[in-house]
There are 2 protein chains.
Amino acid sequence: MLCHYHGAVDTPETSVLGDPRDDDLALGLLLATAHFNSRERLGERLRPFGIEVRHFGVLSALHRHGPTSQRHLSELLDLDKSAMVRIMDELERSGLAARNRAAHDRRAYAIELTADGRERLRSAQAEAATVGREVFGWLRPADRERLVGLLEELVARTEPSSPG
Amino acid sequence: MLCHYHGAVDTPETSVLGDPRDDDLALGLLLATAHFNSRERLGERLRPFGIEVRHFGVLSALHRHGPTSQRHLSELLDLDKSAMVRIMDELERSGLAARNRAAHDRRAYAIELTADGRERLRSAQAEAATVGREVFGWLRPADRERLVGLLEELVARTEPSSPG
DNA sequence: TATTGTTATACTCTATAACTATA
DNA sequence: TATAGTTATAGAGTATAACAATA
């Protein structure tokens, strides 16, 4: 769709939008497309591992933090706790992670990667690194530095709390 | 969420992600956040006009093209035709556009802006231009040129048909 | 037969509120 | 009373297939 779309973005007829060099909405769409495409490319390549993009961050966080409560995990990743329930259901069903009861607090879980989860995460991380190189590897260091700098400035200026 | 999120992005704990200058997933999240924030800022400012972002593109296209079939409109904006039905229902309900039957083809509509729609679109476009300046106006021409160039290259390289 | 538009359905992603069991 | 987790529900998005009326 026009300007800042959340779904698939094929090139619409040019008459609807201008050049992103002059047209702010066209620049917004360009951002949306860059985001959408890169996410899609990652998703396609993780899927053969039985891992969706939404799982990948959770698995990585588990790998870094070790046994963690579901609550802490959702805070780490800034995910809603009900979304976390669904994701953990999926991870448990596919045998990547397990919900064990925490010893010190019987309300909480101690969520852990399974052995299989650890192994599949390792493969998925290698694949993600490859995708990362394919998607961003062409950026020369100076270009990447500039891109990151501009995007960070943009994000800072569009933060909800930010001054218009 | 981690890497390429489709929803709200607050800064997660830093331990989950690295620096977008080195970490591809962090750069993906930065893209997602830039997109999400700028879309949110536009949405907030259009809402007082009773216009959602998804309506804005349709109204603009109607303004440019004059009476148009629903089918053509969905092609123009690369929207699914069933999504188009819902959006048109909303636009009709809020009195911004009307579905008249096409004279030459009684299956099709000749969709038009109402007088009220034309007027509210004009105000909304002025507001959108203001938001555009707030969001992107700080970019010096050379910066914007670079940003657009890099994003276009990124999009070209991540197009579904594109070579890895 | 093909096309315009509608409906029904389904899936992803988010967010809220109400609930349970513990603390 | 507060917290950990679950459930139900809602909403914004998308996509598909089946269908009516018309061409």
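Order of the sequence lines sets the chain letters (A, B, ...), proteins ahead of strands, with each chain counted from 1. Note that these values count all heavy atoms, side chains included, but never hydrogens, waters or copies made by symmetry.
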Could you tell me how far apart [X] ([atom1]) and [N] ([atom2]) are, to the nearest whole angstrom?
X      : N      : atom1 : atom2 : result
B/I87  : C/dG5  : CD1   : C1'   : 15 Å
A/R39  : D/dG13 : CZ    : C1'   : 13 Å
A/R86  : D/dT6  : CZ    : C1'   : 14 Å
A/Q70  : C/dA21 : CD    : C1'   : 15 Å
A/K81  : D/dT9  : NZ    : P     : 17 Å
B/D105 : C/dA2  : CG    : P     : 17 Å
B/E90  : D/dG13 : CD    : P     : 8 Å

Check this one for me: any side-chain N or O of [X] less than 4.0 Å away from OP1 or OP2 of [N]?
X      : N      : result
B/R106 : C/dT3  : no
B/R99  : C/dT6  : yes
A/Y109 : C/dT22 : no

pair B/R120-B/D116: side-chain heavy atoms closer than 4.5 Å: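 The answer is yes, as the side chains (C-beta and beyond) meet within the 4.5 Å cut-off.
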
Heavy-atom side-chain contact between B/L27 and A/L151 under 4.5 Å: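 The answer is yes, as the side chains (C-beta and beyond) meet within the 4.5 Å cut-off.
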
Sugar-phosphate only, base, or nothing, as touched by B/A108 at under 4.0 Å among non-hydrogen atoms: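 Since only primed, P, OP1 and OP2 atoms lie under 4.0 Å of B/A108, the category is sugar-phosphate.
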
Base C/dT3 to side chain B/R107, donor-acceptor N/O within 3.5 Å cut-off: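 A donor-acceptor contact between them is present.
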
Crowding at CZ, B/R140 (>12 non-hydrogen neighbours, <6.0 Å):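 No.
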
Residue A/S82, side-chain atoms from C-beta onward, closest of C/dA15, D/dA4, C/dT6: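 The nucleotide sitting nearest to the side chain is C/dA15.
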
